[in-house]
Amino acid sequence: MDNNIKLNQKNLAKIAHKIPCPTYDRSKIKTGIVHVGIGGFHRAHEAYYTDRLLHDQTITDWGICGIALLEYDTKIHNTLKEQDGLYTLIIKELDGSLTKRVVGSIVEYLYAPEDPTAVIEKMASSEVKIISLTITEGGYNYSEATKSFDFTNPLIQYDLGHPEAPKTIFGYLTQALKLRKERGLNGCTIQSCDNIQGNGHMAKRMLLSYVLKAEPQLASWIETNVSFPNSMVDRITPATSASDISNLKETSGIDDAWPVVCEPFKQWVIEDDFSAGRPAWETVGAQFVEDVVPYEKMKLSLLNAGHTVLGIIGALRGYDTIDESVHNPEISTFLKNYMDLEVTPTLGALEGIDLDGYKKSLLERFGNINIKDQIDRICSESAAKFPIFVLPTVNANLETKGSIDFAALVIAAWAIYSLGKDENGNALAIKDAMKTILNEKGIAASKGNPKAFLEIETIFGQLKEEPTFVAAFTVAYNNIVENGIEACVIAQNQKALKVTE
Ligand code: CS2
């Protein structure tokens, strides 16, 4: 017989005997934040910080309404609905132990494909002060080729024709802000929590591009009434596995259909620019600063790019998890070299930050053997990630004539990865909105013309016109094909050793 207790509000008192649970009265919490994109990252981060804050007991107006925007989010929406918004956060400590708690800050949830009006009304409601986003790097609809909003996206075209039942975040925000304006309500803050340099600036620029086409007269109201703080959000959150779910049952007797697992480390650096007030997240560990740009740049080009380096190389090599990749000493030396020789010179002054300490801590975090962060997760949507995580470093080094060879090798490995097989001949589970074109260009590259991969302008911009880069990329590509990825990683490390000797 199954003695596990189902996670929901009714059973919370029983569950509290097993693991820490919200001690605040959830029925009294009003929604002050609407969050779009209720995946693991949000639930391990913003929702967790907010839950800690609500334990203050006196704070009742900063509950979260979690919005599932896409049909893809049906499962998480249904799970939250069945569990009254509750879920277990399982922190995988470095020593292998698990710290578990039930998080209660998501007090409402809406499923946009079923009821777009409810979502628009919620975003437009006067009690909502913040609309926060984790819509992924690709969700901002930015094209590297035109360096602007991509109006050719069919979903954007759809939204322009269906303003009251949109499909994209831009359609929803426009409609909600329009209602706020028409009803004489206050503005709000749109807070991007995605891994993008200047994520607030990007959110603002992309939204205003859309608004200028859809509702031009709304643009100046947004300029005056809506703020878009930049923020740097950090916590490694692998996909939840079936064994995480069964382990929670076995060790704590809790039946949670979708717990969230994450590392112990967490960091949130936010610009203090909230046009309608904000929770005192600083009391639970967030840092409010004037300029978040240096923190973002450091995180994106070291942590996220580091993940990409370990992910793409590890995938070709046949590894499944990031810790396997970083525990290969040649790959971790490669990553250290990439960070020191290619990224660090592009970072400029980082006041008050111990960069060496940061880089060292990243290798430790990547190496956490309990996390088992999936290489598939890291490599997913690489077409949206490379232009943010890796290519700015390449472009900066091209300008200063700095080293680009480590990055070129990773990009060449990605071209080969896009063919869909690792070096042992096993199929790679590529998940990417641009999978088809990546594969087409990958095939063209494999026919004696490596450079063909760089023709994807929405990813690479004008990089194919940079002879130094094209040469490094071509050499790297041919070397991988001839000698395999590991030999190339070793050779590149040796070259770096000679240069630094
Ligand atoms: C990862 C991030 O998606 C990725 O490629 O690098 O999800 C990373 O784990 C988080 O940004 C950590 O804060």
Side-chain angles (χ1 to χ4, degrees), residues 37-49 89 91-92 132-140 192-199 202 230-241 260-270 285-287 292 295-315 319-323 325-326 335 338-339 343 358-359 361-368 370-393 410-411 413-414 417 428-434 459:
I38 35 180
F41 199 39
H42 169 68
R43 286 182 292 148
H45 202 271
E46 182 181 348
Y48 170 78
Y49 277 87
L89 186 70
I91 300 171
K92 298 192 164 179
S132 57
L133 316 172
T134 43
I135 53 174
T136 78
E137 295 80 17
Y140 289 79
S192 166
C193 299
D194 283 294
N195 289 318
I196 293 182
Q197 181 73 48
N199 54 7
M202 177 66 101
N230 293 309
S231 68
M232 185 268 248
V233 180
D234 193 4
R235 187 168 226 177
I236 294 174
T237 310
T240 305
S241 68
V260 178
V261 291
C262 65
E263 63 169 341
F265 181 92
K266 63 177 187 330
Q267 193 177 16
W268 199 6
V269 189
I270 317 167
Q287 291 162 261
V292 87
Y295 293 92
E296 282 183 323
K297 208 167 159 192
M298 179 182 80
K299 191 221 160 189
L300 297 169
S301 56
L302 290 169
L303 185 149
N304 297 109
H307 258 161
T308 298
V309 168
L310 295 172
I312 295 288
I313 293 178
Y319 294 142
D320 292 324
T321 59
I322 289 295
D323 57 290
S325 197
V326 84
L335 177 59
Y338 171 67
M339 290 179 168
V343 181
Y358 183 76
K359 288 189 275 190
S361 77
L362 288 183
L363 288 157
E364 265 167 38
R365 290 169 65 193
F366 294 152
N368 183 341
N370 307 304
I371 285 284
K372 295 266 162 284
D373 199 1
Q374 303 85 357
I375 281 187
D376 282 355
R377 176 184 91 85
I378 294 301
C379 295
S380 71
E381 305 306 336
S382 280
K385 292 176 180 175
F386 268 86
I388 298 168
F389 302 168
V390 180
L391 301 183
T393 299
V410 180
I411 298 166
W414 182 33
Y417 164 96
L428 291 163
I430 300 181
K431 193 174 152 275
D432 203 302
M434 293 185 70
I459 299 175

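We count ligands from 1, going down the list as the structure has it; atoms in each ligand are counted the same way.
Within the 4.5 Å cutoff, no side-chain heavy atoms of Met202 are placed close to those of Gln197. The shortest side-chain heavy-atom distance between Ile388 and Asn195 does not fall under the 4.5 Å cut-off. Side-chain contact between Val390 and Val410 is absent, with no heavy-atom pair separated by less than 4.5 Å.
Near ligand 1, Phe41, Asn195, Val233, Asp234, Arg235, Ile236, Lys299, Leu303, Asn304, His307, Arg377, Ile378, Lys385, Phe389 each place a heavy atom less than 4.0 angstrom from the ligand.
If you take CD1 on Ile459 and NZ on Lys385, they are separated by 13.0 Å, rounding to the nearest 0.5 Å. Between the CZ atom in Arg365 and the OH atom in Tyr358 there is a gap of 6.0 Å [rounded to 0.5 Å].
Although no hydrogens or angles enter the test, the distance criterion places a donor-acceptor pair under 3.5 Å between the side chain of Arg235 and the main chain of Glu263.
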